[in-house]
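Reading through the structure tokens given below for one structure.
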Amino acid sequence: MAFPGLAQKIKQQYNQAIKNGTVLFTESEVIELEDERTQIPFEVRFAPALAKKPTKSDGEKAQEKPKDPFAPPYQPDLFVAEDTVKEDEDDRGEEFAVLLNKFCVTPRHFLLVTKDFVKQTTPLSPVEVFAAFSILKQLGTREKHLAFFNCGPESGASQPHKHLQFIPLSNGVAPFDAFIDSNRPQDTRACFQLPLPYANFTALLDLPTSPQDIPGYLGDRFLLLLDLMIDHLRRLAEASPSLFSSSDPIRLSNLSYNVIITTQYIHLVPRSAELFKTEEGREISINSLGFAGMVLVKEQEALKEIRKVGVVEVLKGVGYRPVVEGDTNEVEKIQAQQNDDAI
């Protein structure tokens with residue numbers, strides 16, 4: 001098992017870091033905004049104190065090269081554990097560290113980071129997906145968690161060093177869980193698109209019985225989602241070249257997308273923009289948690305505008321139009337369930 005005893009280590013280290021003032025926890029209020037059509041119970045977390053957070057920490061000057069907060073030597077209060085995760089016995093494996101998130105609005109928010117520097121713009125490897133799943137499975141015996149990965153400049157990613165993030169789920173479920181379950185296809189091996197007004201791709205997880213087959217299985221499920229996203233965006237680029245800034249934009253290294261991982265599914269959403277711009281001209285940053293049903297706002301006015309337009313409209317504004325029949329050769333696999341009002 002990767003990272004043995006992780007739950008207890010995270011709890012102890014978090015308590016110590018809070019006591020020492022190393023982890024900076026920001027109080028927030030959670031407002032539930034249920035979407036009328038989908039019945040998704042979106043959570044909007046209002047944290048006004050974050051509006052005062054400086055853009056540069058510790059007096060860092062603009063001309064100075066920013067330090068990599070995820071590179072060793074790690075800050076002792078933030079370091080939880082390190083381990084090597086292997087795809088199989090013959091694999092050399094990948095080295096990871098678990099670190100607490102220094103700035104958090106959710107208690108025990110932590111990160112899985114690569115020991116060596118890897119760009120955040122690279123897709124998750126099978127070992128990285130397996131490591132994330134293994135952590136979720138282990139922690140789930142005490143407290144359900146959700147993992148997420150922000151990839152690319154429009155995804156809401158804040159650090160260039162590759163990392164996944166994990167947050168505990170207060171009631172044991174994520175806002176999208178029931179909606180995904182109610183829209184699962186008959187063939188649960190098929191990737192599918194939820195009936196929402198933006199492109200999204202989901203793969204349900206049904207692990208093989210042999211433990212040695214699990215890393216490859218998880219990697220294959222994730223790669224299927226990447227393939228479907230690329231196929232869809234290429235077709236959008238052919239139909240509407242103005243949607244993309246470059247002449248050859250549909251390369252994986254150019255794309256921005258969000259990934260949500262639970263023990264039940266992997267959900268992927270391609271991104272056209274990081275910021276949702278409101279009618280009043282405010283900008284709301286959306287990362288992977290938005291597509292898990294959780295949005296963070298820092299201003300009362302932004303909260304009012306989200307109440308007015310609805311969270312689904314916000315997510316639509318930073319995504320791409322959904323897959324509809326005829327758009328892709330993989331339409332049978334996607335099981336698109338769009339209707340006129342969803343599009």
Side-chain angles (χ1 to χ4, degrees), residues 1-15 23 30 40-43 45 80-87 94 96-101 104-113 124-150 163-184 188-189 194 202-222 225 258-268 287-294:
M1 177 192 294
F3 297 100
L6 187 59
Q8 188 62 25
K9 290 178 182 178
I10 289 171
K11 181 180 179 180
Q12 291 175 348
Q13 197 62 37
Y14 177 80
N15 290 340
V23 163
V30 176
I40 297 171
F42 286 102
E43 297 175 3
R45 188 176 290 274
V80 178
E82 58 187 5
D83 205 348
T84 299
V85 181
K86 298 183 178 182
E87 192 167 354
E94 295 183 33
F96 300 96
V98 171
L99 308 175
L100 296 176
N101 184 20
C104 59
V105 295
T106 302
R108 300 177 305 286
H109 179 169
F110 69 93
L111 315 168
L112 177 71
V113 307
L124 296 172
S125 69
V127 170
E128 289 162 350
V129 179
F130 174 59
F133 181 87
S134 299
I135 289 173
L136 291 172
K137 196 75 173 175
Q138 180 187 164
L139 297 183
T141 60
R142 293 191 177 193
E143 185 178 36
K144 299 289 185 184
H145 283 66
L146 174 146
F148 61 99
F149 178 60
N150 304 317
H163 63 285
L164 291 99
Q165 302 185 56
F166 297 75
I167 60 166
L169 298 170
S170 57
N171 58 357
V173 295
F176 263 64
D177 285 357
F179 189 60
I180 287 175
D181 189 60
S182 64
N183 284 281
R184 61 173 53 214
T188 56
R189 297 169 299 177
L194 296 170
T202 301
L204 300 176
L205 300 179
D206 183 13
L207 299 188
T209 54
S210 173
Q212 66 184 18
D213 294 334
I214 292 175
Y217 167 82
L218 292 170
D220 286 345
R221 297 301 278 166
F222 179 63
L225 298 178
N258 295 125
V259 182
I260 296 100
I261 304 174
T262 73
T263 56
Q264 304 299 315
Y265 60 81
I266 305 175
H267 185 61
L268 183 148
N287 67 8
S288 291
L289 285 181
F291 295 98
M294 294 171 270

Can you give me every donor-acceptor pair (side chain of residues 1-11, partner residue at least two apart or in another chain, under 3.5 Å) with its distance?
from: Q8; atom 1: OE1; to: R142; atom 2: NH1; distance (Å): 3.0
from: K9; atom 1: NZ; to: P4; atom 2: O; distance (Å): 3.4

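- At least one side-chain heavy atom of L136 sits under 4.5 Å from a side-chain heavy atom of H145.
- Ring geometry for F148 versus H109: interplanar angle of 30 to 60°, hence tilted.
- Annotation: side chain of E128 is in contact with side chain of E94 (closest heavy-atom distance under 4.5 Å).
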*Report the C-alpha distance between V30 and R45 in whole Å, list the side-chain angles of each, state the deciding distance to 0.1 Å, and finish with yes or no for side chain to side chain contact (heavy atoms under 4.5 Å, CB included).*
CA-CA 4 Å; V30 176; R45 188 176 290 274; 3.5 Å; yes
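- Heavy-atom minimum distance, A203 versus L225: N-CD2, 3.8 Å.
- Distance check: T262 OG1 to K137 NZ gives 10.0 Å after rounding to the nearest 0.5 Å.
- Of the options I260, N258, T106, I167, a side chain to side chain contact (heavy atoms under 4.5 Å, CB included) to L289 is made by I167 and by none of the others.
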*side chain to side chain contact (heavy atoms under 4.5 Å, CB included) between L207 and L218, intermediate numbers included*: CA-CA 8 Å; L207 299 188; L218 292 170; 4.0 Å; yes
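- Between R221 and V129, every side-chain heavy-atom pair lies at or beyond the 4.5 Å cut-off.
- Nearest approach of P107 to P168, heavy atoms of both residues: O-CG, 3.3 Å.
- Two residues are said to be in side-chain contact when any heavy atoms from C-beta on lie closer than 4.5 Å; T263 and F133 meet this criterion.
- The OG atom of S288 sits 3.5 Å away from the CG atom of N150 when rounded to the nearest 0.5 Å.
- By the 4.5 Å heavy-atom criterion applied to side chains, F166 and V98 are not counted as neighbours.
- Residues I180 and L204 have side chains in contact (heavy-atom distance under 4.5 Å, counting atoms from C-beta outward).
- Closest approach of G290 to F42, counting heavy atoms only: O-CE2, 4.4 Å.
- Under the 3.5 Å distance criterion, with hydrogens and angles disregarded, a donor-acceptor pair is assigned to the side chains of D177 and Y265.
- For the residue pair P175 and G293, the shortest heavy atom distance occurs at CG-O, 3.7 Å.
- In this structure, V259 and L164 have side chains that are not in contact, with every pair of non-hydrogen atoms separated by 4.5 Å or more.
- Not a single donor-acceptor pair under 3.5 Å links the side chain of R108 to the backbone N or O of N15.
- Interatomic distance, NE2 of H163 versus CG of N101, reported as 8.0 Å (0.5 Å rounding).
- Rounded to the nearest 0.5 angstrom, L268 CG and T202 OG1 are separated by 8.5 Å.
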*Do F176 and L146 pass the side chain to side chain contact (heavy atoms under 4.5 Å, CB included) test, and can you show the C-alpha distance, the side-chain angles, and the key distance before you say yes or no?*
CA-CA 11 Å; F176 263 64; L146 174 146; over 6 Å; no
*Would you sort out whether I261 and F149 count as a side chain to side chain contact (heavy atoms under 4.5 Å, CB included), showing the intermediate values?*
CA-CA 8 Å; I261 304 174; F149 178 60; 6.0 Å; no
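- Using a 4.5 Å heavy-atom cutoff, the side chains of F222 and Y217 are not in contact.
- Contact between L112 and A132 at its shortest, heavy atoms only, is CD2-N, 4.3 Å.
- Rounded to the nearest 0.5 angstrom, H267 NE2 and F291 CZ are separated by 8.0 Å.
- Here CG of L194 is found 7.5 Å from CD1 of I40. Values are rounded to the nearest 0.5 Å.
- Remark: D181 pairs with R184 by the salt bridge (charged side-chain N to carboxylate O under 4.0 Å, His left out) rule, at least two apart or across chains.
- In the displayed structure, N171 atom CG is contacted under 6.0 Å by more than 12 heavy atoms of other residues, nucleotides or ligands.
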